[in-house]
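Note that the coordinates shown come from a computational prediction; the quantities given were computed from them, not determined experimentally. All values below were derived from every heavy atom in this structure, side-chain atoms included, with hydrogens, water molecules and symmetry-related copies excluded.
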Amino acid sequence: MKTNRFFFLLAGLLLAISCSNLKDGTYQLSIVSTSDGHGKWIGNFKDSQKERHNLLCVSAWLNNYRSLKGADNILLLDAGDNLAGNPAPFYYNFIKTDEPHLFPKIASYMGYDAIIPGEADWGTGHEVYDRVAKELALLKIPVLSANAIDKISGKSYFPAYTLCKKNGVKIAVLGFTNSSIGDMVDQKAISGIRFENILDCAQKEVDAVLEKEHPHLVVVAVHSGVGKGNSTDLDKQGKDLLKSLRGVDLIVCGHDHYNEQLVEDNTFLIDQNSYYRNVGLAEIELTVQNGQIVKKKIVTNSPRIDNTQKDSVMLATFQKDYDKIYQFANEPIGKLTVPLDAKEAYKGSSDYMNLYHTLALSQEQVEISLQAPLIIDGILPPQEISYNSLSNLYKFDNQLIVLKMTGQEIKDYLEKSYDNQLEDEKASLFKRNPVLRLKTNKDFWTKKTKYTFKVSPAHFDFAGGLIYTVDITRKAGNRVNILSMADGSTFSLEKEYNTAITSYRSAGAGGLLKAAGLDKQEVEKRIVFRGPLYRDLLYFWIQENGEIGLKEISDSRLVGSWKFIPEDKAKTGIEKDLKLIFPDENK
């Protein structure tokens, strides 16, 4: 347990305003917070018994803490991102929709006082988060989001705040959602809702609550990162709020998976990490004299949760749920019938990349797919596929993004991608003439020189839906020649195409969109569809097709093809380069 700040807050104007019917004396309270659990509620639903953090561990910690401090002295909050990222939410979001959702039942068992939605929650769509919020409300657990505004009524879609009484102390909790949420999820998922900038509305909401409710303590819980406090990053506004808000005792942040505690002008901030590895903890002592709060003493901590200690009663309570999710997560839904070798992607068209292109191009609105390798090397062997094993095929939480791009922009995008991959012979630092861009460094353990890619393969995007060549003898920026669409129809530099990329790329990673002339604002204008996670698309695609084989992923009329030219020179050079990068695999 690490103590970051310890301050005595003397009574001031706001304390006088917050006059109360509290009896004279000292009051001990604690505010405990979690965030970014991403569905890791009651287990990982795998055969491996490796200990991992989840809410069972947090509940065990809470049981001990409540016995020490008294249950009525503790306020429990969650700052968002609960409804995606694990088999449990997926099962109850989309598969088992004919019975109560698991999350509200768990939140009730844990004793949460309020929940703030994050982008992972909003991204599930109205059918999911409306249902969950309704079930939470029936259990008297409000979902709070003051800056999520219903476009028709003009009022907040979820309540702006709630009042909680702990040992007679009245605590106002205001909730806010990431200001950039509208740019992060499918517009259909948040239809009818607009999101105000937290900085534009938070003080107004706080002032209204102070005037109407006269709380003893004010907590602002936001699904937003801490940030730098320069008011420019809509994704991370915690420090901006810390610097600007008046009348607030504590700010609880989430979203950025950080662990940080700050204080400024008698306002404290906690960001409690992710996946239940830590909890946020603010221990508060109020001194009341003549009916007035004359002193506040606040200590902020971020206790590490012991992942070997679990609430056995909670586990027993939800054992049937666990068993159902486990069966779902491990039940085969199809087979991978061919090995997929990631290294083949560096040589030309490959079965490995065709899987991801097929997945994107199978969506009705997609004409061209731009995808990077998900692993640098390695072979995915033939195997049965279950929901749990999908991470072997798609290891990142990338969302499908479809945007309009002109043929010229697609070509410029690919030119930058292949510039990342290919060496300019004149610029080479090597005596030999490599094809791939390589660099050398010393291995930390062996001290021997080793070769690696100069640019991460995460920024090597290949195209599906096109037939094209890449000339390794040409200079950077003039290597790609797009011959036609995959079905043989004409490709035009002037025409616009619905192009699938990942959310990682749409956020600007790798600079490929920038090289195509699209800045972040222009990308947002061009987006025609924000789809689900690729992994979720893969689940339903495998369910429909039954297996992943050459027939399913190598339809040239769908995925197209590409190759390096001159073919002989490219093949020989790339094989030599790959042997340098992966020497152990050639022994």
Side-chain angles (χ1 to χ4, degrees), residues 180 183-184 225 227-228 230 232-236 256 342 345-346 353 356-357 360 366 368-376 395-429 434-439 441 452-466 468 470-472 474-482 493 496-528 530 534 562 564 577 581:
S180 60
D183 298 331
M184 301 177 71
K228 297 180 179 179
N230 55 16
T232 61
D233 190 348
L234 294 179
D235 204 39
K236 300 175 182 179
D256 54 5
Y346 308 124
M353 291 306 305
Y356 308 125
H357 290 318
V366 177
I368 293 171
S369 167
L370 299 172
Q371 301 284 327
L374 299 175
I375 53 177
I376 294 177
K395 64 186 297 186
F396 299 110
D397 290 337
N398 291 332
Q399 182 185 1
L400 171 70
I401 304 293
V402 182
L403 73 161
K404 293 282 187 184
M405 293 181 69
T406 67
Q408 184 64 58
E409 289 164 349
I410 291 168
K411 182 181 185 300
D412 293 342
Y413 181 107
L414 288 172
E415 291 285 5
K416 174 60 176 175
S417 174
Y418 285 101
D419 288 349
N420 288 341
Q421 299 171 52
L422 299 174
E423 184 63 89
D424 184 335
E425 291 186 10
K426 293 182 179 179
S428 174
L429 299 176
V435 175
L436 301 177
R437 290 186 73 190
L438 309 179
K439 67 178 181 179
N441 52 33
T452 61
F453 290 107
K454 194 169 186 178
V455 177
S456 169
H459 306 312
F460 295 2
D461 273 24
F462 309 107
L466 297 173
Y468 65 101
V470 182
D471 193 334
I472 66 170
R474 289 181 175 270
K475 293 183 179 179
N478 191 31
R479 291 164 166 150
V480 177
N481 182 23
I482 302 176
L493 295 177
E496 284 189 332
Y497 297 91
N498 283 350
T499 307
I501 59 175
T502 66
S503 50
Y504 174 71
R505 194 67 72 218
S506 70
L512 301 185
L513 286 168
K514 183 178 180 180
L518 304 181
D519 60 19
K520 188 174 182 180
Q521 289 184 333
E522 186 61 27
V523 169
E524 292 303 320
K525 293 178 184 178
R526 302 284 194 91
I527 292 176
V528 296
R530 287 181 171 87
Y534 269 91
W562 71 274
F564 287 119
D577 293 339
I581 300 172

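Here the closest heavy-atom approach between residue H357 and residue S369 is recorded as ND1-OG, 2.8 Å. Here the closest non-hydrogen pair linking K416 and L512 is CG-CD2, 3.3 Å. Considering all non-hydrogen atoms of both residues, D412 and A515 come closest at CB-O, 3.9 Å. Looking at every heavy atom in both residues, V523 comes nearest to S506 through CG1-O, 4.0 Å. Taking all atoms of both residues into account, the shortest heavy-atom contact from D519 to E522 is OD1-N, 2.8 Å. The shortest heavy-atom contact between A500 and V366 is CB-CG1, 3.7 Å.
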*Candidate pair K520 and E524, rule salt bridge (Lys or Arg N to Asp or Glu O under 4.0 Å), full reasoning*: CA-CA 6 Å; K520 188 174 182 180; E524 292 303 320; over 6 Å; no
*Begin with the C-alpha distance, continue with both residues' side-chain angles, and end with the deciding distance and a verdict on side-chain contact (heavy atoms from CB on, under 4.5 Å) for V455 and R437.*
CA-CA 7 Å; V455 177; R437 290 186 73 190; 3.8 Å; yes
*Could you go step by step and tell me if F462 and Y468 meet the side-chain contact (heavy atoms from CB on, under 4.5 Å) rule?*
CA-CA 10 Å; F462 309 107; Y468 65 101; 4.2 Å; yes
*Applying side-chain contact (heavy atoms from CB on, under 4.5 Å), run through L403 and V528 and close with a yes or a no.*
CA-CA 5 Å; L403 73 161; V528 296; 5.8 Å; no
*side-chain contact (heavy atoms from CB on, under 4.5 Å) between T499 and I410: does it pass, once the steps are laid out?*
CA-CA 9 Å; T499 307; I410 291 168; 3.6 Å; yes
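Side-chain atoms of I401 and T502, non-hydrogen and from C-beta on, never get closer than 4.5 Å to each other. Inter-residue side-chain proximity for I375 and K395 is flagged as met; some heavy-atom pair is nearer than 4.5 Å. Counting heavy atoms from C-beta outward, F564 and Y346 have side chains that stay 4.5 Å or more apart. Counting heavy atoms from C-beta on, the side chains of F396 and Y504 never come closer than 4.5 Å. Between R505 and L370 the shortest side-chain heavy-atom distance does not fall below 4.5 Å. Taking the side chain as every heavy atom from C-beta outward, D471 and N481 never approach each other to under 4.5 Å. With a 4.5 Å cut-off on side-chain heavy atoms, L374 and N398 count as touching.
Using modelled atom types, one finds a donor on one side chain and an acceptor on the other under 3.5 Å when comparing D461 with Y413.
The distance from atom CG of L493 to atom OG1 of T406, rounded to the nearest 0.5 Å, is 8.0 Å. Rounded to the nearest 0.5 angstrom, L466 CG and Y497 OH are separated by 8.0 Å. Of the inter-residue distances, the one linking D256 atom CG with K236 atom NZ reads 6.0 Å to the nearest 0.5 angstrom. Atom CD1 of I376 sits about 5.5 Å away from atom OG of S456, to the nearest 0.5 Å.
Distance alone, capped at 3.5 Å, is enough to place a donor-acceptor pair between the D577 side chain and the L436 backbone. Checking side-chain atoms of E415 against main-chain N and O of V480 turns up a donor-acceptor pair under 3.5 Å.
Under the side chain to side chain contact (heavy atoms under 4.5 Å, CB included) test applied with R479, the options D419, L414, I472 reduce to a single match, D419. Each of M405, K404, R526 was evaluated against N498; a single residue qualifies, K404, per the side chain to side chain contact (heavy atoms under 4.5 Å, CB included) test.
Checked against the 6.0 Å centroid criterion, the rings of F453 and F460 qualify as a close aromatic pair.
Qualifying side chain to side chain donor-acceptor pair (under 3.5 Å) partners for Q371, counting only residues two or more places apart in sequence or in other chains: Y534.
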